[in-house]
Structure formats: structure tokens, C-alpha cells
Q: 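Pasting a structure below so you can have a look.
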Amino acid sequence: MKIEHVILDRDGVLNVEVAGGWVLRPERWVWEDGAQEALAVLAGCGVTLTVATNQSCVGRGMVDLAAIEAVHARMIAEAGVEFAGVFVCPHAPDEGCSCRKPEPGMLLQALGGTSPERAVFVGDSATDLEAARRAGVTPVLVRTGKGRGVDPEGAAVFDDLLAFAHVLSRTGTP
Ligand SMILES: [Zn+2]
């Protein structure tokens, strides 16, 4: 089925993960190689683009949500494309929220009006794949960030976001 909406994990997909930590300030943001080009390719496909990211650094009391929004202001400014939404789970793991991946809540919110079978979620972790499946969205694994060591369990796998974007632009599906 032709994909109309690409939901993107952030850390390890769009930006380089900070080892053992979080991107707490805009200056710490480093794009993954090819990610901005990938966004341009995806935008050229005419798909809706959203971001869905766990940021438990807020719930853990390391920063406030405004700091994460400042990081995202840089991301949005440099992305070169329009995101229909940037969704953040700010909760700590022990808060029991319904948005922290692998819970499906944030992806269901990100979908907006898109039916799940016309959407993919691109992530780099087993929890991303699980969240996608629980939301009814097609999971896609990229081998950046944590993705190098993850068992795809049948999900489509790409070396990075750009490789995925090129396939989507050629075929309309992953
Ligand atoms: Zn949450």
C-alpha cells in the first residue's frame, strides 16, 4: 500500500545520539550523515513527515521541556522540510504514561488523520519497532544509532534514512 505518512524517530535516525545521554542543548545537535538529504527526498515524495521521540531527560529532571523545544527549533530550522508535527514523550520510564515508546500512544497521536496502514515509523531500536507494530504502523529499521545491533524481526531494514528515502521515492513503499 502506498505510504502517505512517514513518522521518524529522532535520536539515531535524524541526529547522532549522544553516547549515554541526551541532546540537552541545541549546540549538541549533530545531524546523521545524509539525514537532511533524506528529508528532502521524502518531502519530494509528497508524504507527511512527523517526528516522535522519547525524551525522558525531562521526566528525570535533567532539563525542562523548553530546553527540548529549543533543540527542536534548531532541528526544524535546519531540516529544510516542513514537519506536520514534532511529538515528544517527556515522561520518565516509571511514570507509566501511554506515550513513551514502546507504548503506541505517541505514534497514534502523530498519525493525525492518516490510517496506520498508510504510515511507516522509522526507528533505530527494538522499542521503536514494537511501538510501530502496536500502533498498526509498518516498522522500518535503520542501521544508524542503536540500529546496528537490533534484530529487525521481519521489519524492512536500511543502512540509513537516506537509503530508505530513495526506496520510498522509487517504489512508494518500504
Ligand atoms: Zn510519555
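Both counts, for ligands and for their atoms, begin at 1 and track the order of listing.
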Q: Just how far is it from atom CG of N54 to atom OG1 of T127, taken to the nearest 0.5 Å?
A: 6.5 Å
Q: Can you give each donor-acceptor pair under 3.5 Å made by side-chain atoms of residues 135-159, sequence neighbours left out, with the distance rounded to 0.1 Å?
A:
from	atom 1	to	atom 2	distance (Å)
R143	NH1	G147	O	2.8
R143	NH1	V150	O	2.7
T144	OG1	G12	O	2.6
K146	NZ	E17	OE2	2.8
R148	NH1	G145	O	2.9
D151	OD1	E153	N	2.9

Q: I3, F121: one ILVMFWY side-chain cluster at the under-4.5 Å cut-off?
A: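 No.
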Q: Do V6 and V122 come close enough that some side-chain heavy atom pair is under 4.5 Å?
A: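 Side chain of V6 against side chain of V122, heavy atoms only: contact under 4.5 Å found.
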Q: If we only look closer than 2.8 Å, how many protein N, O or S atoms does the Zn ion (ligand 1) have near it?
A: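 With waters ignored, the protein N/O/S count below 2.8 Å is 4.
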Q: For residues 99-113, tabulate all N or O donor-acceptor pairs below 3.5 Å that involve a side-chain atom, not counting sequence neighbours.
A:
from	atom 1	to	atom 2	distance (Å)
K101	NZ	D9	OD1	2.8
K101	NZ	A52	O	3.0
K101	NZ	D128	OD1	3.1
E103	OE1	R134	NH2	3.2

Q: Identify each donor-acceptor pair in which a side-chain atom of residues 27-41 lies under 3.5 Å from a protein atom, sequence neighbours left out, and give them as a table.
A:
from	atom 1	to	atom 2	distance (Å)
E27	OE1	R25	NE	3.1
W31	NE1	E78	OE1	2.8
Q36	NE2	E78	O	3.0

